[in-house]
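Single-structure report; data block below.
For reference, positions follow the sequence shown, starting with 1. Just so you know, ligand 1 is whichever comes first in the structure, and atom 1 is the first atom listed for that ligand.
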Amino acid sequence: MIEFKNVKKVYPGGITALDGISLKIDRGEFVFVLGHSGAGKSTFLKLILHEETATEGKIVVNGYDFRRIKNRQIPYMRRSLGVVFQDFRLIPTMTAYENVAFAMRVTNIPEKQIRSRVPYVLNLVGLKDKARSYPPELSGGEQQRVALARAMVHSPPIIIADEPTGNIDPELSVEIMELLTAINKVGTTVVVVTHEQELAAQFHQRTIYIEKGEVVADTSAGLRDKLV
Ligand code: ADP
Ligand code: ADP
């Protein structure tokens, strides 16, 4: 689903953000990508989304080989990834319902389908009763769940959560992690990008540890306590 082979990213100006990263994330996995500030996590995310291009190496995401991807294919590739951004990126003047519906409207999905799908995903994240609320009226945890509902709207095979616990209270962090775990249990690949080592330690899942642009540890679920 996600394959990086000897991926290097050097930004203009000469900073090497990723220095030869190789990893594979398969269908159905739950993976933490863990690293301190400056380790290269955002760069990793930007490369997956094709917001930045690799300086060297091979990247394949959901069957799209980035060395061959056409510009017109990029929106389709991105739609195969559901991303929950750290700052949620909701439209404040649209209700929770409309924020989710908007993600479907831009892809020309028939209104009838939107009307059945949006309440369904809002219900999955426990926000059925908040459909008519605007983001400023919602708590951080609720806004994040709207963002998660929006990420799930196209049933992407992969959900990526960027620092999911960064902007919410600790109790809510557990809640969102449990939601992500439940989503993973029904077959979606989940990638959680975080700097919080304790969060990764708590959930006993595969952890890819990035330090100074390199993968310094990659543990499978059962082994992680021994290796990190
Ligand atoms: P993290 O998300 O783990 O904090 P980043 O991927 O943002 O790490 O950064 C990795 C390195 O690349 C850092 O040294 C950072 O300063 C540098 N960097 C990130 N983005 C850019 C950019 N657009 N231009 C130049 N250097 C960058
Ligand atoms: P209508 O067929 O009455 O025009 P729409 O589906 O266009 O209905 O919805 C009108 C507005 O009502 C939407 O923009 C949205 O804000 C709100 N809405 C629609 N369905 C729901 C829902 N299930 N929950 C909450 N709000 C909804």
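Few gaps surround CD on Q113; more than 12 heavy atoms of other groups in view lie less than 6.0 Å from it. A 6.0 Å sphere centred on CZ of R27 holds no more than 12 heavy atoms belonging to other residues, nucleotides or ligands.
Protein heavy atom in closest approach to atom 10 (C) of ligand 1: G38 O, 3.4 Å. Summary of contacts: the protein heavy atom closest to atom 2 (O) of ligand 1 is S42 OG, 2.5 Å. Closest to atom 27 (C) of ligand 1, if we only count protein heavy atoms, is Y11 CD1, 3.2 Å. In terms of protein heavy atoms, atom 6 (O) of ligand 1 is closest to T43 OG1, 2.5 Å. For atom 17 (C) of ligand 1, the nearest protein heavy atom (residue, atom name, distance) is I15 CG2, 3.7 Å.
Taking 4.0 Å as the cut-off between side-chain N and carboxylate O, R89 and D87 count as a salt-bridged pair. Electrostatic pairing of K58 and D65 does not count as a salt bridge here, judged by no charged N lying under 4.0 Å from a carboxylate O. A salt bridge links E111 with R105: the distance from a Lys NZ or Arg NE/NH1/NH2 to an Asp or Glu carboxylate oxygen falls below 4.0 Å.
Note on residues 98-144: no pairs pass ring pair (Phe, Tyr, Trp, His ring centres under 6.0 Å), not counting sequence neighbours.
Screening V190, I2, I48, I160 for a side chain to side chain contact (heavy atoms under 4.5 Å, CB included) with I25, the sole residue that qualifies is I2.
Considering backbone and side-chain atoms alike, E52 places every N or O at 3.5 Å or more from each N or O of ligand 1. Considering both main-chain and side-chain atoms, A17 never comes within under 3.5 Å of ligand 1 through any nitrogen or oxygen pair. Residue-to-ligand polar distances place G40 within reach of ligand 1: an N/O pair is separated by less than 3.5 Å.
Residue S37 approaches ligand 1 through these ligand atoms, each under 4.0 Å from one of its heavy atoms: 4 (O).
Of the candidates K41, K9, K212, K41 brings a heavy atom nearest to atom 3 (O) of ligand 1.
For atom 15 (C) of ligand 1, no protein heavy-atom neighbour is found at a distance under 4.0 Å.
Ligand 1 lies less than 4.0 angstrom from a heavy atom belonging to H36. Remark: distances from the non-hydrogen atoms of G35 to ligand 1 are all 4.0 Å or more.
The shortest side-chain heavy-atom distance between N167 and Q143 does not fall under the 4.5 Å cut-off.
Cation-pi geometry between K46 and F44 is not met at under 6.0 angstrom from the ring centre and within 45 degrees of the axis.
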